[in-house]
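Following: one structure in structure tokens, then a few remarks.
Residue numbering restarts at 1 for every chain, and letters A, B, ... go by the order of the sequence lines.
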Amino acid sequence: MSLMDVALRRGFFYPSSEIYGGSAGFYDFGHLGVLLKRKFENTWRNYFLALNPNFVEIDATTIMPEAVFEASGHLKSFNDPLTECTECHVRHKADLLLEEKGVEAEGLTAEEMGKALQDREIRCPRCGGELSEVRWFNMMFELSLGAAEADEKAYLRPETAQGCYVSFKRMFEVLRNQIPMGLAILGRAYRNEISPRQGFYRLRELNQAELQIFFDPECLDEHPCYEAVQDQMMRIYAVADREKGEIKEIPLREVGVPKFYGYHMAIVQDFYLKVLKVPREKFRFRELSEEERAFYNRIHWDMEIFTDVLGGFKEAGGIHYRGDHDLSGHERGSKKKMEVNIQGKKFVPHVLELSFGVDRNLLMLLDLAYTEEEERTVLKFPSVVAPYRAAVFPLVSKDGLPEFAYEIYQELRMECDVFFDEKGSIGKRYRRQDEIGTPFSVTVDYDSLEDGTVTLRDRDTMDQVRIQRGNLLSAITLPEV
RNA sequence: GCGGCUGUAGUGUAGUGGCUAGCACUUGAGCCUUCCAAGCUCACGACCCGGGUUCAAAUCCCGGCAGCCGCACCA
């Protein structure tokens with residue numbers, strides 16, 4: 001049995017439109033997947049929105065007009081004219097091939113570029129083979145609004161971030177002109193990947209949790225709480241260390257990033273190590289080189305998690321210093337002023353983006369939790385993200401035990417997600433809960449009818465303690481040490 | 001998008017031209033059951049989709065879709 005089997009069989013996630021053979025890059029969530037996702041997202045909200053009273057969550061549409069992506073730069077940078085070698089099947093960017101030969105490709109159509117390639121007898125740089133016709137490849141899904149003729153173009157957003165940037169002006173006013181200001185969106189984004197691979201890892205429709213922090217660029221090298229975290233040991237995989245393949249543990253102050261950026265690195269690392277309980281050795285920050293960085297990023301470190309299912313460290317999210325790229329871009333595009341005026345000081349705020357791929361994080365949480373023991377398969381989720389907090393069982397299905405257990409179940413479900421089961425042997429019911437990661441099982445037996453106590457079983461140790469029914473809720477919801 | 005391999009109940013598999021498509025686990029109903037996948041009875045459930053070859057296709061051929069691996073792509 002493997003992790004993906006459990007995900008499928010128990011209803012965490014499975015291929016979308018499965019009965020029609022599915023479609024690569026699209027997955028649906030089953031009930032446990034929804035619970036897990038909801039808990040991850042709520043944990044994320046509780047943690048990151050608590051950083052500052054001026055950090056709030058908003059929501060925005062997934063469809064946005066073309067002008068938004070002209071201003072953001074996505075139309076240009078997300079859109080490549082590709083040509084493929086008919087011999088060795090390597091793909092090249094046609095505009096780059098032309099510009100290497102001194103031909104100005106900017107603004108040319110695909111046909112014109114194809115013709116220009118032919119006219120100059122440009123062939124495959126790798127094998128000299130003939131090149132195919134030029135076709136636009138757009139990472140964004142294109143839509144047309146209204147009647148087909150009306151040609152009002154729009155796109156599915158490739159990142160939730162744009163929703164925050166287009167809302168900036170209004171939300172800044174709504175939140176009474178405070179800087180820094182944080183706008184978070186948890187929602188869907190869409191990327192038309194050429195070839196989605198690795199199942200649930202690279203999706204065409206994905207969930208993101210992103211926080212855009214707007215701040216005064218002059219304050220890039222300061223943060224009121226920096227002192228408290230400057231000595232924190234950070235797990236760092238810098239560009240310079242790649243040859244050695246070595247992850248360093250160094251204090252934050254030696255990482256070499258501005259304080260505002262560094263403070264948030266420390267906060268994010270704590271989120272993984274302390275809240276999600278990722279083992280220290282399975283977490284690192286990976287610095288991206290200039291070529292790897294997106295067109296808008298000035299400083300970029302990714303959070304990476306080591307998983308067995310993906311066979312190594314893989315990106316779970318990133319911290320992006322986007323400068324004024326977005327607000328200035330939208331200022332030009334919309335002709336609306338994005339400049340703020342704080343006590344007479346005028347500036348366009350800069351953006352620090354904390355970006356998380358929700359689906360990826362869920363996959364990684366599953367991978368880290370997945371444990372095969374001799375007698376059982378267990379998902380050792382931290383309680384904060386476990387789909388169910390507890391399960392309630394009658395020891396046997398007779399003599400009034402089910403009724404008593406069901407009463408407890410009804411009582412607990414008002415407060416948290418719990419599961420009730422009276423089918424099969426008690427051992428089997430425990431194992432089923434182990435396999436979906438429920439931290440606690442509550443069992444009602446004959447003594448319960450006498451004295452109102454129940455047994456509470458711990459998922460990881462399988463130890464049981466006897467407690468008063470009235471103490472159950474606090475016992476199962478106590479924060480983990 | 002290219003090349004190689006693959007596709008049988010929920011899962012893992014048997015079946016290589018003619019079978020009522022077999023088995024195990026799972027699931028459901030019942031019996032039994034006073035704490036860790038026990039046992040017994042019964043039941044549900046599958047040949048990825050579409051064409052073709054053939055008297056006959058799960059099996060052979062072609063196409064599609066999906067998965068895995070390599071190449072490319074990954075803002």
Nucleotide N/O to protein N/O under 3.5 Å, stretch nucleotides 42-47 of chain B:
none

Just by protein heavy atoms under 4.0 Å, how would nucleotides 5-10 of chain B read 5' to 3' in B, S and -? -----S
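- Side chains of Gln433(A) and Ser441(A): a donor-acceptor N/O pair is absent below 3.5 angstrom, by distance only.
- Here the side chains of Leu354(A) and Ile267(A) are not in contact, with every heavy-atom distance at 4.5 Å or above.
- Here the separation of A37(B) from G45(B), taken at their P atoms, is 30 Å to the nearest Å.
- Across all strands shown, U16(B) forms no Watson-Crick or G-U wobble pair with both key distances under 3.5 Å.
- Atom CZ in Arg459(A) sits roughly 19 Å away from atom C1' in C35(B) (whole-Å rounding).
- Ring geometry for Phe26(A) against Phe141(A) counts as tilted: the plane angle lies between 30° and 60°, on a 0 to 90° scale.
- No hydrogens or angles were tested; on distance alone, nothing pairs the side chain of Arg457(A) with the base of C35(B) as donor and acceptor under 3.5 Å.
- Comparing the C1' positions of U59(B) and C47(B) gives an interatomic distance of 10 Å, to the nearest angstrom.
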Report each atom pair, protein N/O against N/O of nucleotides 28-31 of chain B, whose distance is under 3.5 angstrom.
residue : atom : partner   : partner atom : Å
A29(B)  : OP1  : Lys423(A) : NZ           : 3.4

For nucleotides 38-41 of chain B, print each protein N/O atom paired with a nucleotide N/O atom at under 3.5 Å, atom names and distance only.
residue : atom : partner   : partner atom : Å
A38(B)  : OP2  : Ser425(A) : OG           : 2.9

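- Remark: Asn297(A) engages His300(A) in a side-chain hydrogen bond (donor to acceptor under 3.5 Å, both in side chains) (not counting sequence neighbours).
- The side chain of Lys398(A) has U33(B) as its nearest neighbour among C36(B), U33(B), C74(B).
- Both tests pass for Arg322(A) against the ring of Tyr296(A): distance under 6.0 Å to the centre and angle within 45° of the axis.
- Atom CE in Met139(A) sits roughly 14 Å away from atom C1' in G1(B) (whole-Å rounding).
- Judged by a 6.0 Å distance limit and a 45° cone about the ring axis, Arg284(A) is positioned over the six-membered ring of Phe313(A).
- Separation of the C1' atoms belonging to A46(B) and A72(B) is 37 Å when rounded to the nearest angstrom.
- Residue Glu18(A) is out of contact with every strand shown, counting any heavy-atom pair closer than 4.0 Å.
- Taking the six-membered ring for Trp and the full ring otherwise, the centers of Phe285(A) and Phe283(A) sit less than 6.0 Å from each other.
- With both pairing distances under 3.5 Å, U41(B) is matched to A29(B) as a Watson-Crick or G-U wobble pair.
- Note that Arg298(A) lies in the cation-pi zone of Tyr321(A), set by a 6.0 Å cut-off to the ring centre and a 45° limit from the axis.
- At least one donor-acceptor pair under 3.5 Å links the side chain of Asp359(A) to the backbone N or O of Asn207(A).
- For the pair Arg389(A) and Phe440(A), the cation-pi criterion (under 6.0 Å, within 45° of the ring axis) is not fulfilled.
- When each of Arg429(A) and Glu159(A) is assigned the nucleotide of RNA chain B with its nearest heavy atom, Arg429(A) is the one assigned upstream, toward the 5' end.
- Seen from the ring of Phe404(A), Arg469(A) counts as a face-on cation partner, given the 6.0 Å and 45° thresholds.
- Looking at Asn361(A) and Tyr272(A), their side chains do bring a donor and an acceptor atom within 3.5 Å of each other.
- Here the closest non-hydrogen pair linking Pro394(A) and Ala405(A) is N-CB, 3.8 Å.
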Nucleic acid footprint by protein, nucleotides 63-68 of chain B - heavy-atom cut-off 4.0 Å, B for base, S for sugar-phosphate alone: --SSSS
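- For the C1' atoms, the distance from A9(B) to U26(B) is 11 Å, rounded to whole Å.
- Remark: the separation of the P atoms in G18(B) and A58(B) is 10 Å, to the nearest Å.
- Aromatic rings of Phe356(A) and Phe48(A) (six-membered ring for Trp) have centroids within the 6.0 Å cut-off, being under it.
- Aromatic rings of Tyr165(A) and Phe168(A) (six-membered ring for Trp) have centroids beyond the 6.0 Å cut-off, not under it.
- As a whole-Å value, the separation of Glu435(A) CD from C25(B) P is 16 Å.
- Take the nearest nucleotide of RNA chain B for Ala294(A) and for Arg431(A): the residue whose nucleotide is more 5' is Arg431(A).
- A donor-acceptor contact under 3.5 Å is not formed by the side chain of Glu193(A) with the base of C74(B).
- Tested against Val454(A) for a side-chain contact (heavy atoms from CB on, under 4.5 Å), the candidates Leu472(A), Asp447(A), Asn471(A) yield a single pass: Leu472(A).
- With both pairing distances under 3.5 Å, A46(B) is matched to nothing as a Watson-Crick or G-U wobble pair.
- The minimum heavy-atom distance linking Pro382(A) with Leu276(A) is given by the pair CG-O, 3.5 Å.
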